[in-house]
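Working notes, beginning with the structure itself.
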Number of protein chains: 2
Amino acid sequence: MRWSEIGGVPCSVARALSVVGDRWVMLVLREAFLGTRRFEDFHERVGASRRVLAERLAGLVEDGVLARVRYSERPDRFEYRLTDKGRDLHTVLTALRVWGDRWMADDQGPPVTVVHRTCGAAMDPVMVCPDCRDEIDPRDLTAVVHRGPVRG
Amino acid sequence: MRWSEIGGVPCSVARALSVVGDRWVMLVLREAFLGTRRFEDFHERVGASRRVLAERLAGLVEDGVLARVRYSERPDRFEYRLTDKGRDLHTVLTALRVWGDRWMADDQGPPVTVVHRTCGAAMDPVMVCPDCRDEIDPRDLTAVVHRGPVRG
DNA sequence: CCGGTGGGTTCCATAAAGGAACTTAGTCAG
DNA sequence: CTGACTAAGTTCCTTTATGGAACCCACCGG
(Lines give C-alpha, C1' and ligand atoms only; values in the text may rest on other atoms or scores of the structure.)
Protein backbone atom coordinates (compact mmCIF):
# COMPACT_ATOMS: atom_id res chain seq x y z
CA MET A 1 0.00 0.00 0.00
CA ARG A 2 1.21 3.49 -0.81
CA TRP A 3 1.31 5.93 2.06
CA SER A 4 -0.76 8.37 0.01
CA GLU A 5 -3.68 5.94 0.17
CA ILE A 6 -3.67 5.72 3.95
CA GLY A 7 -6.14 8.56 4.48
CA GLY A 8 -8.88 6.60 2.72
CA VAL A 9 -8.77 3.65 5.09
CA PRO A 10 -11.79 3.49 7.45
CA CYS A 11 -9.69 3.81 10.59
CA SER A 12 -9.33 6.95 12.66
CA VAL A 13 -5.76 6.10 13.61
CA ALA A 14 -4.78 5.71 9.96
CA ARG A 15 -6.56 8.93 9.04
CA ALA A 16 -4.91 10.83 11.84
CA LEU A 17 -1.58 9.44 10.69
CA SER A 18 -2.25 10.62 7.15
CA VAL A 19 -1.99 14.12 8.64
CA VAL A 20 0.52 13.80 11.48
CA GLY A 21 2.18 10.44 10.78
CA ASP A 22 5.18 12.01 9.16
CA ARG A 23 8.58 12.18 10.82
CA TRP A 24 8.84 15.94 10.72
CA VAL A 25 5.24 16.98 11.17
CA MET A 26 5.15 16.21 14.88
CA LEU A 27 8.32 18.23 15.44
CA VAL A 28 6.78 21.13 13.56
CA LEU A 29 3.76 20.87 15.84
CA ARG A 30 5.94 20.68 18.94
CA GLU A 31 7.47 24.00 17.89
CA ALA A 32 4.08 25.46 17.05
CA PHE A 33 2.88 24.67 20.57
CA LEU A 34 6.00 26.35 21.95
CA GLY A 35 5.09 29.49 20.04
CA THR A 36 7.06 29.22 16.80
CA ARG A 37 5.29 30.75 13.82
CA ARG A 38 7.81 31.62 11.15
CA PHE A 39 9.46 29.57 8.47
CA GLU A 40 13.01 30.47 9.44
CA ASP A 41 12.38 29.63 13.09
CA PHE A 42 10.78 26.29 12.25
CA HIS A 43 13.71 25.58 9.97
CA GLU A 44 16.25 26.29 12.67
CA ARG A 45 14.45 24.53 15.51
CA VAL A 46 12.96 21.51 13.77
CA GLY A 47 16.02 20.53 11.76
CA ALA A 48 14.24 19.45 8.58
CA SER A 49 15.54 20.62 5.21
CA ARG A 50 13.92 23.73 3.76
CA ARG A 51 12.37 21.72 0.98
CA VAL A 52 10.76 19.20 3.30
CA LEU A 53 9.73 21.88 5.77
CA ALA A 54 7.99 23.93 3.06
CA GLU A 55 6.17 20.85 1.85
CA ARG A 56 5.08 19.82 5.34
CA LEU A 57 3.88 23.29 6.29
CA ALA A 58 1.84 23.44 3.08
CA GLY A 59 0.37 20.02 3.87
CA LEU A 60 -0.59 21.05 7.38
CA VAL A 61 -2.26 24.17 6.02
CA GLU A 62 -4.16 22.08 3.49
CA ASP A 63 -5.25 19.71 6.25
CA GLY A 64 -6.45 22.63 8.37
CA VAL A 65 -3.99 22.07 11.22
CA LEU A 66 -2.11 25.31 10.61
CA ALA A 67 -3.31 28.57 9.11
CA ARG A 68 -1.02 30.65 6.89
CA VAL A 69 -1.54 34.21 7.99
CA ARG A 70 -0.03 37.31 6.38
CA TYR A 71 1.82 39.46 8.88
CA SER A 72 3.42 41.82 6.39
CA GLU A 73 2.71 43.26 2.97
CA ARG A 74 5.57 44.74 0.99
CA PRO A 75 7.14 42.30 1.08
CA ASP A 76 4.51 39.62 1.58
CA ARG A 77 5.37 37.62 4.66
CA PHE A 78 3.40 34.79 6.20
CA GLU A 79 3.38 32.96 9.48
CA TYR A 80 1.84 29.68 10.52
CA ARG A 81 -0.57 29.45 13.43
CA LEU A 82 -2.33 26.52 15.01
CA THR A 83 -6.02 26.24 14.24
CA ASP A 84 -8.51 24.68 16.66
CA LYS A 85 -8.00 21.41 14.84
CA GLY A 86 -4.26 21.78 15.31
CA ARG A 87 -4.50 22.81 18.94
CA ASP A 88 -6.53 19.70 19.61
CA LEU A 89 -3.43 17.67 18.73
CA HIS A 90 -1.88 18.65 22.06
CA THR A 91 -3.10 15.33 23.44
CA VAL A 92 -0.97 13.44 20.91
CA LEU A 93 2.09 15.54 21.56
CA THR A 94 1.61 15.26 25.30
CA ALA A 95 1.23 11.50 25.12
CA LEU A 96 4.50 11.32 23.18
CA ARG A 97 6.30 13.60 25.62
CA VAL A 98 5.11 11.68 28.68
CA TRP A 99 6.09 8.36 27.11
CA GLY A 100 9.46 9.76 26.09
CA ASP A 101 10.05 11.11 29.60
CA ARG A 102 9.23 7.74 31.09
CA TRP A 103 11.01 5.39 28.69
CA MET A 104 13.63 7.34 26.76
CA ALA A 105 15.13 9.63 29.41
CA ASP A 106 18.83 9.92 29.99
CA ASP A 107 20.37 10.37 33.43
CA GLN A 108 19.73 14.12 33.42
CA GLY A 109 15.97 13.75 33.68
CA PRO A 110 13.37 15.22 31.31
CA PRO A 111 14.64 18.23 29.34
CA VAL A 112 11.29 19.98 29.64
CA THR A 113 8.61 20.00 32.30
CA VAL A 114 5.13 21.33 31.81
CA VAL A 115 3.24 23.36 34.36
CA HIS A 116 -0.55 23.60 34.64
CA ARG A 117 -1.02 27.31 35.24
CA THR A 118 -4.53 27.02 36.61
CA CYS A 119 -3.33 24.93 39.56
CA GLY A 120 0.43 25.40 39.49
CA ALA A 121 1.29 21.71 39.36
CA ALA A 122 4.13 20.26 37.31
CA MET A 123 2.19 18.01 35.06
CA ASP A 124 2.34 14.70 33.30
CA PRO A 125 -1.30 14.42 32.32
CA VAL A 126 -3.08 11.12 32.72
CA MET A 127 -5.78 9.64 30.55
CA VAL A 128 -9.04 8.91 32.26
CA CYS A 129 -12.36 7.41 31.26
CA PRO A 130 -14.74 10.33 30.68
CA ASP A 131 -17.45 8.39 32.50
CA CYS A 132 -15.98 6.82 35.63
CA ARG A 133 -12.91 9.14 35.71
CA ASP A 134 -10.63 6.16 36.42
CA GLU A 135 -7.21 6.11 34.85
CA ILE A 136 -7.07 3.88 31.77
CA ASP A 137 -5.39 0.50 31.77
CA PRO A 138 -5.28 -0.64 28.13
CA ARG A 139 -6.19 -4.17 29.18
CA ASP A 140 -9.58 -2.91 30.33
CA LEU A 141 -10.44 -1.69 26.84
CA THR A 142 -12.37 -3.57 24.18
CA ALA A 143 -12.42 -2.31 20.62
CA VAL A 144 -15.76 -2.69 18.86
CA VAL A 145 -15.20 -2.73 15.12
CA HIS A 146 -18.15 -1.41 13.11
CA ARG A 147 -16.51 -1.32 9.69
CA GLY A 148 -13.48 -3.00 8.19
CA PRO A 149 -11.41 -4.26 6.59
CA VAL A 150 -8.62 -2.48 8.41
CA ARG A 151 -9.42 -2.21 12.05
CA GLY A 152 -8.42 0.35 14.68
CA MET B 1 19.48 16.78 10.12
CA ARG B 2 19.23 13.09 9.34
CA TRP B 3 16.34 11.26 10.90
CA SER B 4 18.76 8.73 12.38
CA GLU B 5 20.19 11.50 14.59
CA ILE B 6 16.84 12.43 16.06
CA GLY B 7 17.06 10.07 19.04
CA GLY B 8 20.06 11.95 20.41
CA VAL B 9 18.27 15.28 20.70
CA PRO B 10 17.47 16.25 24.31
CA CYS B 11 13.72 16.30 23.76
CA SER B 12 11.32 13.60 24.89
CA VAL B 13 9.05 14.17 21.94
CA ALA B 14 11.94 13.74 19.50
CA ARG B 15 13.14 10.63 21.32
CA ALA B 16 9.69 9.12 21.36
CA LEU B 17 9.45 9.84 17.65
CA SER B 18 12.77 8.11 17.03
CA VAL B 19 10.89 4.95 18.07
CA VAL B 20 7.31 5.52 16.92
CA GLY B 21 7.63 8.44 14.50
CA ASP B 22 7.58 6.21 11.47
CA ARG B 23 4.62 5.96 9.13
CA TRP B 24 4.15 2.25 9.58
CA VAL B 25 5.17 1.76 13.17
CA MET B 26 1.99 3.24 14.62
CA LEU B 27 -0.13 1.00 12.40
CA VAL B 28 1.87 -2.01 13.57
CA LEU B 29 1.18 -0.95 17.15
CA ARG B 30 -2.52 -0.45 16.42
CA GLU B 31 -2.64 -4.06 15.26
CA ALA B 32 -0.60 -5.23 18.23
CA PHE B 33 -3.14 -3.63 20.58
CA LEU B 34 -5.92 -5.39 18.67
CA GLY B 35 -4.20 -8.71 19.31
CA THR B 36 -2.13 -9.31 16.18
CA ARG B 37 1.12 -11.14 16.85
CA ARG B 38 2.32 -12.79 13.68
CA PHE B 39 4.27 -11.52 10.71
CA GLU B 40 1.74 -12.62 8.11
CA ASP B 41 -1.14 -11.04 10.01
CA PHE B 42 0.69 -7.75 10.45
CA HIS B 43 1.54 -7.85 6.77
CA GLU B 44 -2.05 -8.36 5.73
CA ARG B 45 -3.60 -5.87 8.16
CA VAL B 46 -1.03 -3.07 8.19
CA GLY B 47 -0.44 -2.89 4.46
CA ALA B 48 3.30 -2.24 4.55
CA SER B 49 5.60 -4.20 2.25
CA ARG B 50 7.24 -7.30 3.70
CA ARG B 51 10.63 -5.68 3.58
CA VAL B 52 9.56 -2.58 5.47
CA LEU B 53 7.48 -4.60 7.91
CA ALA B 54 10.40 -6.90 8.75
CA GLU B 55 12.63 -3.90 9.31
CA ARG B 56 10.11 -2.09 11.51
CA LEU B 57 9.36 -5.14 13.63
CA ALA B 58 13.10 -5.65 14.18
CA GLY B 59 13.44 -1.99 15.16
CA LEU B 60 10.58 -2.20 17.64
CA VAL B 61 12.14 -5.29 19.18
CA GLU B 62 15.48 -3.52 19.46
CA ASP B 63 13.76 -0.54 21.09
CA GLY B 64 12.03 -2.84 23.58
CA VAL B 65 8.49 -2.05 22.42
CA LEU B 66 7.82 -5.56 21.12
CA ALA B 67 9.31 -8.87 22.20
CA ARG B 68 10.06 -11.58 19.65
CA VAL B 69 8.88 -14.82 21.22
CA ARG B 70 9.29 -18.30 19.77
CA TYR B 71 5.99 -20.11 19.52
CA SER B 72 7.22 -23.08 17.50
CA GLU B 73 10.41 -25.05 17.02
CA ARG B 74 10.77 -27.18 13.94
CA PRO B 75 10.33 -24.99 12.12
CA ASP B 76 11.37 -22.00 14.21
CA ARG B 77 8.50 -19.56 14.28
CA PHE B 78 8.30 -16.29 16.18
CA GLU B 79 5.58 -13.89 17.20
CA TYR B 80 5.69 -10.30 18.37
CA ARG B 81 4.15 -9.23 21.67
CA LEU B 82 3.85 -5.86 23.33
CA THR B 83 6.17 -5.29 26.27
CA ASP B 84 5.26 -3.00 29.18
CA LYS B 85 7.06 -0.23 27.35
CA GLY B 86 4.99 -0.96 24.28
CA ARG B 87 1.71 -1.24 26.16
CA ASP B 88 2.38 2.17 27.65
CA LEU B 89 2.06 3.61 24.13
CA HIS B 90 -1.70 3.08 24.28
CA THR B 91 -2.01 6.74 25.29
CA VAL B 92 -0.42 7.85 22.01
CA LEU B 93 -2.60 5.55 19.94
CA THR B 94 -5.70 6.59 21.83
CA ALA B 95 -4.91 10.27 21.37
CA LEU B 96 -4.56 9.67 17.63
CA ARG B 97 -7.81 7.71 17.45
CA VAL B 98 -9.79 10.30 19.38
CA TRP B 99 -8.42 13.12 17.25
CA GLY B 100 -9.11 11.14 14.08
CA ASP B 101 -12.67 10.43 15.25
CA ARG B 102 -13.24 14.10 15.91
CA TRP B 103 -11.57 15.73 12.91
CA MET B 104 -11.23 13.13 10.17
CA ALA B 105 -14.51 11.22 10.35
CA ASP B 106 -16.65 10.60 7.30
CA ASP B 107 -20.45 10.64 7.41
CA GLN B 108 -20.63 7.08 8.68
CA GLY B 109 -19.19 7.96 12.07
CA PRO B 110 -16.16 6.37 13.73
CA PRO B 111 -15.29 2.90 12.37
CA VAL B 112 -14.36 1.66 15.82
CA THR B 113 -15.58 2.48 19.28
CA VAL B 114 -13.80 1.52 22.46
CA VAL B 115 -15.54 0.28 25.58
CA HIS B 116 -14.18 0.59 29.10
CA ARG B 117 -14.99 -2.86 30.50
CA THR B 118 -14.68 -1.86 34.15
CA CYS B 119 -17.54 0.59 33.83
CA GLY B 120 -19.16 -0.34 30.54
CA ALA B 121 -18.96 3.12 29.01
CA ALA B 122 -18.13 3.77 25.38
CA MET B 123 -15.01 5.75 25.76
CA ASP B 124 -13.12 8.64 24.29
CA PRO B 125 -10.63 9.16 27.10
CA VAL B 126 -9.83 12.68 28.21
CA MET B 127 -6.54 14.03 29.47
CA VAL B 128 -6.59 15.49 32.93
CA CYS B 129 -4.07 17.16 35.20
CA PRO B 130 -2.90 14.50 37.67
CA ASP B 131 -3.11 17.08 40.43
CA CYS B 132 -6.35 19.03 40.08
CA ARG B 133 -8.05 16.42 37.82
CA ASP B 134 -9.31 19.15 35.49
CA GLU B 135 -9.36 18.46 31.79
CA ILE B 136 -6.38 20.01 30.00
CA ASP B 137 -6.66 23.09 27.84
CA PRO B 138 -3.34 23.49 26.07
CA ARG B 139 -3.46 27.25 26.60
CA ASP B 140 -3.18 26.66 30.34
CA LEU B 141 0.16 24.91 29.96
CA THR B 142 3.59 26.46 30.24
CA ALA B 143 6.65 24.53 29.09
CA VAL B 144 9.71 24.98 31.30
CA VAL B 145 12.82 24.23 29.27
CA HIS B 146 15.72 22.92 31.34
CA ARG B 147 18.06 21.98 28.51
CA GLY B 148 18.31 22.95 24.87
CA PRO B 149 18.99 23.58 22.12
CA VAL B 150 15.94 21.86 20.73
CA ARG B 151 13.00 22.38 22.95
CA GLY B 152 9.87 20.32 23.58
C1' DC C 1 24.92 50.33 -4.45
C1' DC C 2 25.75 46.65 -0.98
C1' DG C 3 24.60 43.52 2.29
C1' DG C 4 20.97 41.46 5.03
C1' DT C 5 16.27 39.27 5.98
C1' DG C 6 12.37 36.16 5.17
C1' DG C 7 10.30 32.73 2.65
C1' DG C 8 10.65 29.96 -0.44
C1' DT C 9 12.21 26.91 -5.05
C1' DT C 10 15.59 24.25 -7.88
C1' DC C 11 19.01 20.83 -8.53
C1' DC C 12 21.47 16.66 -7.77
C1' DA C 13 23.40 12.64 -5.32
C1' DT C 14 21.91 9.47 -1.93
C1' DA C 15 18.64 6.82 0.81
C1' DA C 16 14.26 4.57 1.47
C1' DA C 17 10.06 2.39 -0.27
C1' DG C 18 6.87 -0.78 -3.04
C1' DG C 19 6.25 -5.05 -5.09
C1' DA C 20 7.21 -9.37 -6.85
C1' DA C 21 9.97 -13.35 -6.71
C1' DC C 22 12.76 -16.35 -4.04
C1' DT C 23 14.39 -19.03 0.27
C1' DT C 24 14.13 -22.06 4.20
C1' DA C 25 12.25 -25.48 6.96
C1' DG C 26 8.88 -27.98 7.80
C1' DT C 27 3.60 -30.13 7.37
C1' DC C 28 -0.04 -32.53 5.12
C1' DA C 29 -2.72 -35.20 1.28
C1' DG C 30 -2.65 -38.64 -2.01
C1' DC D 1 7.76 -40.00 -3.00
C1' DT D 2 5.62 -35.92 -5.06
C1' DG D 3 3.48 -31.81 -5.01
C1' DA D 4 1.02 -28.22 -2.68
C1' DC D 5 0.99 -25.30 1.26
C1' DT D 6 2.49 -22.36 5.46
C1' DA D 7 5.20 -18.83 8.02
C1' DA D 8 8.72 -15.75 8.21
C1' DG D 9 11.76 -13.53 6.12
C1' DT D 10 15.35 -11.87 2.12
C1' DT D 11 16.73 -10.37 -2.41
C1' DC D 12 16.34 -7.70 -6.43
C1' DC D 13 14.88 -3.97 -9.19
C1' DT D 14 12.42 0.22 -10.14
C1' DT D 15 10.26 4.35 -8.39
C1' DT D 16 9.98 7.92 -4.94
C1' DA D 17 11.52 10.87 -1.21
C1' DT D 18 15.14 13.19 1.25
C1' DG D 19 19.22 16.23 2.71
C1' DG D 20 21.86 19.91 1.61
C1' DA D 21 23.56 23.53 -0.84
C1' DA D 22 22.73 27.06 -4.02
C1' DC D 23 19.72 30.12 -5.96
C1' DC D 24 15.69 33.57 -6.40
C1' DC D 25 12.60 37.43 -5.27
C1' DA D 26 10.99 41.41 -2.77
C1' DC D 27 12.04 44.55 0.20
C1' DC D 28 14.86 47.43 3.87
C1' DG D 29 18.54 50.18 5.96
C1' DG D 30 22.77 52.63 5.43
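Every chain is numbered from 1, with letters handed out A, B, ... down the list of sequences.
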>> Using a heavy-atom cut-off of 4.0 Å across all strands, would you classify B:Arg50 as base, sugar-phosphate, or nothing?
In response: base
> Phosphate oxygens OP1/OP2 of D:dT18: is one of them under 4.0 Å from a side-chain N or O of A:Arg56?
Replying inline: yes
> Just how far is it from atom CG of A:Leu96 to atom CE of A:Met104, taken to the nearest 0.5 Å?
Replying inline: 11.5 Å
> What does A:Arg70 touch in the nucleic acid at a heavy-atom separation under 4.0 angstrom: a base, only the sugar-phosphate, or nothing?
Replying inline: nothing
> Can you tell me how far P of C:dG7 sits from CG of A:Asp41, to the nearest Å?
Replying inline: 8 Å
> Which whole-number value in Å describes the distance from B:Phe39 CZ to D:dA7 C1'?
Replying inline: 9 Å
>> Does B:Arg77 reach a base, just sugar-phosphate, or nothing at all? Heavy atoms under 4.0 Å.
In response: base
> Hey, does A:Phe42 reach any base, or is it just sugar-phosphate, or nothing, if we go heavy atoms under 4.0 Å?
Replying inline: nothing
>> Within the 4.0 Å heavy-atom criterion, would you say A:Tyr71 contacts the bases, only the backbone, or no part of the nucleic acid?
In response: sugar-phosphate
> Should the pair B:Asp84-B:Arg87 be classified as a salt bridge under the 4.0 Å nitrogen-to-oxygen rule?
Replying inline: yes
> Do A:Arg37's NZ or CZ and the ring of A:Tyr71 fall within the cation-pi criteria of under 6.0 Å and 45°?
Replying inline: no
> Which whole-number value in Å describes the distance from B:Glu40 CD to D:dC5 C1'?
Replying inline: 12 Å
>> Is the phosphate of D:dG19 approached by A:Trp24 (side-chain N or O, under 4.0 Å from OP1 or OP2)?
In response: yes
> Tell me: CZ of B:Phe78 to P of C:dT24, nearest whole Å?
Replying inline: 17 Å
> Are the charged groups of A:Asp63 and A:Lys85 less than 4.0 angstrom apart, N to O?
Replying inline: no
> What's the CD-P distance between B:Glu55 and D:dT10, to the nearest Å?
Replying inline: 10 Å
>> In this structure, how many angstroms lie between the C1' atom of D:dT14 and the CZ atom of A:Arg2, rounded?
In response: 10 Å
> Does a sphere of radius 6.0 Å around CD in A:Glu5 hold more than 12 heavy atoms from other residues, nucleotides or ligands, not counting ones at 6.0 Å or beyond?
Replying inline: yes
> C:dG7 P sits how many Å from A:Leu53 CG, rounded?
Replying inline: 11 Å
> Whole Å only: how far is the CZ atom of B:Arg38 from the P atom of D:dG9?
Replying inline: 12 Å
> Starting at the 5' end of DNA chain C and moving along, which residue's nearest nucleotide shows up first, A:Arg68 or B:Arg74?
Replying inline: A:Arg68
>> Return whichever of B:Asp22 or B:Pro75 has its heavy-atom-nearest nucleotide of DNA chain C closer to the 5' end.
In response: B:Asp22
> What does A:Arg51 touch in the nucleic acid at a heavy-atom separation under 4.0 angstrom: a base, only the sugar-phosphate, or nothing?
Replying inline: base
> Contact class for A:Glu73 vs. all strands (heavy atom < 4.0 Å): base, sugar-phosphate, or nothing?
Replying inline: nothing
> Side chains of B:Asp41 and B:Thr36: donor-acceptor distance under 3.5 Å anywhere?
Replying inline: no
> Which nucleotide in the list D:dT10, C:dG8, C:dA17 gets nearest to the side chain of A:Tyr80?
Replying inline: C:dG8
> If each of B:Ala54 and A:Asp76 is mapped to the nucleotide of DNA chain D with the nearest heavy atom, which maps nearer the 5' terminus, i.e. the 5' end?
Replying inline: B:Ala54
